[in-house]
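Below: the structure, in structure tokens.
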Amino acid sequence: MENFSIYLEPARAFLVQIGSFLPRLLIALVVVIGGWLLAKVARFAFTKALRAINFNVLTERAGLDGFLRQGGMAGDTTSIFGLLLYWLVVLTAVLIAFNGLGLTYITDLLGRVVWFVPNVFVALLVLAFGSYFARFVGDTVVTYCRNIKLQDAALLGKLAQYAIMVFVVLIALDQIKVGGDIVRQSFLVILTGIVFALALAFGLGGRDWAADRIQHWWPRVKNEKDAPDHETK
């Protein structure tokens, strides 16, 4: 009888562990299901709120929605924000569930992902508002150059827009910790090389071209009063 009790002791301990684990498992399932339902509601409400304040109009004018459509995505930037919020709530619920089960290793991994999603939020906001600002500045430069009768107004507007977009992309990449100092230093090296190459080209072989461009942009107006004097001489 004692030997039989010895054999049953491991089974009894195993059943005790299962009995203490099942309530936590049920609570974890309830948390996950509740988080999933909350995520769907939050996604719907957040997307509706963004469209109510015309955020989709801003991203359309900024060119982000067109860029996404060219990439084959069916939704727009607003739907991406809703999707990010959805997964943020779902991952937070899963994180709470695993934490309740005592799975610390998985909890640490999910915690890093959960803290990364807000950075993506901020990066997308930077891209949205930065792209809109870059396009606004580009259109403003084009309008100003046309008003003062400056040639190549469209080219100057695009240069201004793309210059701002480069800085916007760098800020967004820095927000999600992509590249970091390597991206910034590489950009500075490339920008310095372009400026040096243009200066060298103008100094050595591009003086005539530069003079022609300056004459093309700001044509010289001859003084009509001096012309007769010059002809009489």
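All residue numbers in this chain count up from 1 along the given sequence.
There is a path of hydrophobic side-chain contacts, each under 4.5 Å, that joins V137 to I171. Side-chain heavy atoms closer than 4.5 Å link hydrophobic residues (I, L, V, M, F, W, Y) into clusters, and following such links, possibly through other members, connects F129 to F81. One hydrophobic cluster, built from ILVMFWY side chains closer than 4.5 Å, holds both L50 and L83. Hydrophobic clustering of Ile, Leu, Val, Met, Phe, Trp and Tyr side chains at less than 4.5 Å, counting indirect connections, unites L85 with V122. Clustering ILVMFWY residues whenever any of their side-chain heavy atoms sit less than 4.5 angstrom apart, transitively, puts F98 in a cluster other than the one holding V30.
More than 12 heavy-atom neighbours from other residues, nucleotides or ligands sit within 6.0 angstrom of CZ on F46. Around the CZ atom of R61, the shell of radius 6.0 Å holds no more than 12 heavy atoms that belong to other residues, nucleotides or ligands.
Residues A172 and V126 share a closest heavy-atom pair of N-CG1, 4.3 Å. When all heavy atoms are compared, the tightest approach of A97 to V32 is CB-CG2, 3.7 Å. When every heavy atom of V89 is checked against every heavy atom of G35, the shortest pair comes out as CG1-O, 3.5 Å. For the residue pair P118 and L88, the shortest heavy atom distance occurs at CD-CD1, 4.4 Å. Shown here for V31 and A93, the closest heavy-atom pair between the two residues is CG1-O, 3.5 Å. Taking all atoms of both residues into account, the shortest heavy-atom contact from A128 to A62 is O-CB, 3.7 Å.
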Decide yes or no on side chain to side chain contact (heavy atoms under 4.5 Å, CB included) for L125 and F55, but give the supporting numbers first. CA-CA 10 Å; L125 284 176; F55 183 76; 4.2 Å; yes

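The line from CG of L95 to CZ of R112 is 12.5 Å long, rounded to the nearest 0.5 Å. Here the OG1-CH2 distance, from T92 to W115, works out to 9.5 Å after rounding to the nearest 0.5 Å. For the atom pair K48 NZ and R43 CZ, the distance stands at 12.5 Å (nearest 0.5 Å). One finds the CH2 atom of W36 at 6.5 Å from the OH atom of Y86 (value rounded to the nearest 0.5 Å). Of the inter-residue distances, the one linking L155 atom CG with K158 atom NZ reads 10.5 Å to the nearest 0.5 angstrom. For the atom pair CD1 (I33) and CG (L38), the distance works out to 13.5 Å, reported to the nearest 0.5 Å.
In this structure, L58 and N54 have side chains that are not in contact, with every pair of non-hydrogen atoms separated by 4.5 Å or more. A heavy-atom distance below 4.5 Å is not found between the side chains of D76 and E60. Put simply, the side chain of L124 reaches to within 4.5 Å of the side chain of L84, judged on heavy atoms.
With no hydrogens or angles considered, no side-chain donor-acceptor pair links T59 and N56 at under 3.5 Å.
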